[in-house]
Amino acid sequence: MTGKRIGEGRTAEVREYGTGKILKLYRADIPAEYVEHEYEVSKYVYKQGIQTPQPIELVTLEERKGIIFQQIHGSSMLRLIGEKPWRLGGYARQLASLHHDLHKLQGPETFGKQKESLRSSIIAAPMLTMEEKTPVLEKLEQLPEGDRLLHGDFHPDNVLIDGQAWTIDWMTGMSGNPAGDAARSIMMFSMGALPPGASLSTRLVTGFIRQRLTKGYIREYLRLSGLSYAEVNAWVLPVASARLTEGIPLTEKEQLVREIRRRLRSK
C-alpha cells in the first residue's frame with residue numbers, strides 16, 4: 001500500500017499511502033514512545049481545531065513505527081520563502097499568527113513540562129562546563145511556569161501552505177510558557193549552519209532573509225501576545241543551552257556556545 005517516498009527528515013521519511021494519506025515512517029533508532037507522543041499530541045491539536053493534518057492511525061512497518069496522516073498537497077513555507085523572498089514580511093507575520101494561535105490552547109501536563117525538559121537537556125549539554133551550566137540552570141528556575149500548548153520546534157519548514165497554512169511535526173509538543181517557545185523559534189530563525197563552501201552571495205542572501213524573518217516574526221508575535229521583548233529574550237539562554245543536545249551540525253553548536261558565553265559574560 002505504501003507508495004513512493006516524498007520527503008525525508010532527521011527522524012523520519014514520508015511516503016505516499018493510498019489515496020489522500022501519507023505514512024510518516026520513523027527511523028529505527030527513534031524510540032517508540034516518541035512516536036506515540038507525536039500521535040497523541042497530533043490527535044489533541046487536531047481535535048482543538050488547529051489546522052494540522054488529521055492523524056489517522058499508528059502502525060508498524062518494516063519493524064519501524066509510523067503514523068498515517070491526512071495528505072496535504074502543498075509546499076513548506078521555507079521553500080516558498082526561498083522562491084518568493086519579496087513576500088518575506090507576510091510570511092513572518094503569518095508564522096507569528098500561527099504560533100500565537102496554538103499558544104492560546106491549554107497544554108495537557110501529560111505531554112511533558114517545558115522546564116523539566118529544558119533542565120534535563122541543559123544538564124546533559126555537551127560543550128559547556130558545569131561552571132557555565134550552573135548559572136543557566138539558575139536562570140531557568142527564575143523563569144515563570146506556564147500551561148499553554150507549545151510546539152517545541154516551530155519554524156518555516158514545519159508549516160505547509162496549500163492556500164491554507166498547516167502546522168506539522170508535533171513530536172516536541174508539550175506544556176509550558178509561550179515566551180520560551182517563541183524564544184526557541186527566534187533562535188532557529190536567526191542561527192543555523194550553512195553548507196560548507198557556501199558562496200559569499202549565498203551567505204549574504206541567507207543572512208538578509210534570516211534577519212528580516214526574525215524581526216518580522218518578533219514584531220508581530222509581541223503585538224499579538226502582549227509580551228515584551230525582555231520576557232521572550234529571557235528564555236534564550238536556557239533554550240540555546242538545551243539545544244546543544246540535539247542532532248544539529250557542529251558549526252551550529254559552536255555558534256550557540258558563542259552566544260551562550262556572550263550572554264553569560266554580560267550578566
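- In this structure, D162 and H73 have side chains that are not in contact, with every pair of non-hydrogen atoms separated by 4.5 Å or more.
- Contact check for L244 versus I260: side-chain heavy atoms found under the 4.5 Å cut-off.
- At least one side-chain heavy atom of M187 sits under 4.5 Å from a side-chain heavy atom of L256.
- Grouping Ile, Leu, Val, Met, Phe, Trp and Tyr by side-chain contacts under 4.5 Å, direct or through others, puts V14 with I6, I22, Y26, I30, Y34, V35, Y39, L58, I67, F69, M171.
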*List the steps and the verdict of side chain to side chain contact (heavy atoms under 4.5 Å, CB included) for E141 and L137.*
CA-CA 6 Å; E141 291 307 310; L137 290 166; 5.7 Å; no

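- A distance of 11.0 Å separates CD1 in I186 from CE in M191, rounded to the nearest 0.5 Å.
- Residues S175 and P108 come closest through the heavy atom pair CB-O, 3.7 Å.
- Of all non-hydrogen atoms in I122 and S241, the two that sit nearest each other are CG1-CB, 4.0 Å.
- The distance from the OG1 atom of T52 to the NE2 atom of H151 is 7.5 Å, given to the nearest 0.5 Å.
- The side-chain heavy atoms of R258 and Q255, taken from C-beta on, include a pair separated by under 4.5 Å.
- Using a 4.5 Å cut-off between side-chain heavy atoms of Ile, Leu, Val, Met, Phe, Trp and Tyr, L160 falls into a hydrophobic cluster with I72, W166, I168.
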*Dump the intermediate steps for side chain to side chain contact (heavy atoms under 4.5 Å, CB included) on W170 and L102, then the final yes or no.*
CA-CA 12 Å; W170 290 93; L102 67 90; 3.9 Å; yes

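- Between Y217 and H99, the ring planes are tilted. Angles from 30° to 60° get that label.
- Applying the salt bridge (charged side-chain N to carboxylate O under 4.0 Å, His left out) rule to pairs touching residues 172-181 yields nothing, sequence neighbours excluded.
- Heavy-atom minimum distance, L25 versus L61: CD1-O, 3.9 Å.
- The side-chain heavy atoms of N158 and H155, taken from C-beta on, include a pair separated by under 4.5 Å.
- Residues in residues 33-45 take part in these salt bridge (charged side-chain N to carboxylate O under 4.0 Å, His left out) pairs, two or more places apart or across chains: K24-E38, E40-K43.
- P156 is not listed as a side-chain neighbour of Y91, based on a closest heavy-atom distance of 4.5 Å or more.
- Between I161 and Q94, some side-chain heavy-atom pair lies under the 4.5 Å cut-off.
- Shortest non-hydrogen contact noted between Q164 and Q51 is OE1-NE2, 2.8 Å.
- Residues meeting the side-chain contact (heavy atoms from CB on, under 4.5 Å) test with H100, sequence neighbours left out: K104, Y221, L224, S225.
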*Would K113 and E145 satisfy salt bridge (charged side-chain N to carboxylate O under 4.0 Å, His left out), going step by step from the backbone distance to the final call?*
CA-CA 9 Å; K113 293 186 177 180; E145 302 280 353; over 6 Å; no

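- Atom-to-atom distance recorded for T167:OG1 and L95:CG is 8.5 Å, nearest 0.5 angstrom.
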*Apply salt bridge (charged side-chain N to carboxylate O under 4.0 Å, His left out) to the pair E57 and K21, showing each step before the final yes or no.*
CA-CA 11 Å; E57 187 182 357; K21 296 181 285 188; over 6 Å; no

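- A heavy-atom distance below 4.5 Å is not found between the side chains of R87 and L80.
- When the salt bridge (charged side-chain N to carboxylate O under 4.0 Å, His left out) test is applied to R261, the partners found at least two apart in sequence or on another chain are E132.
- Nearest heavy atoms, V239 versus G180: CG2-O, 3.9 Å.
- The two residues L149 and H103 make their nearest non-hydrogen contact at O-CD2, 3.2 Å.
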*Apply the test side chain to side chain contact (heavy atoms under 4.5 Å, CB included) to residues D153 and M188: give CA-CA distance (whole Å), side-chain angles for both, the deciding distance (0.1 Å), then the verdict.*
CA-CA 9 Å; D153 197 31; M188 288 190 291; 3.4 Å; yes

*Might you work through the side chain to side chain contact (heavy atoms under 4.5 Å, CB included) test for Q48 and Q106, ending with a clear yes or no?*
CA-CA 10 Å; Q48 298 303 310; Q106 185 162 3; over 6 Å; no

*asked:* With salt bridge (charged side-chain N to carboxylate O under 4.0 Å, His left out) as the criterion, how do R119 and E116 come out once you've worked through the C-alpha distance, each side chain's angles and the decisive distance to 0.1 Å?
replied: CA-CA 5 Å; R119 188 179 301 110; E116 289 178 7; 5.5 Å; no

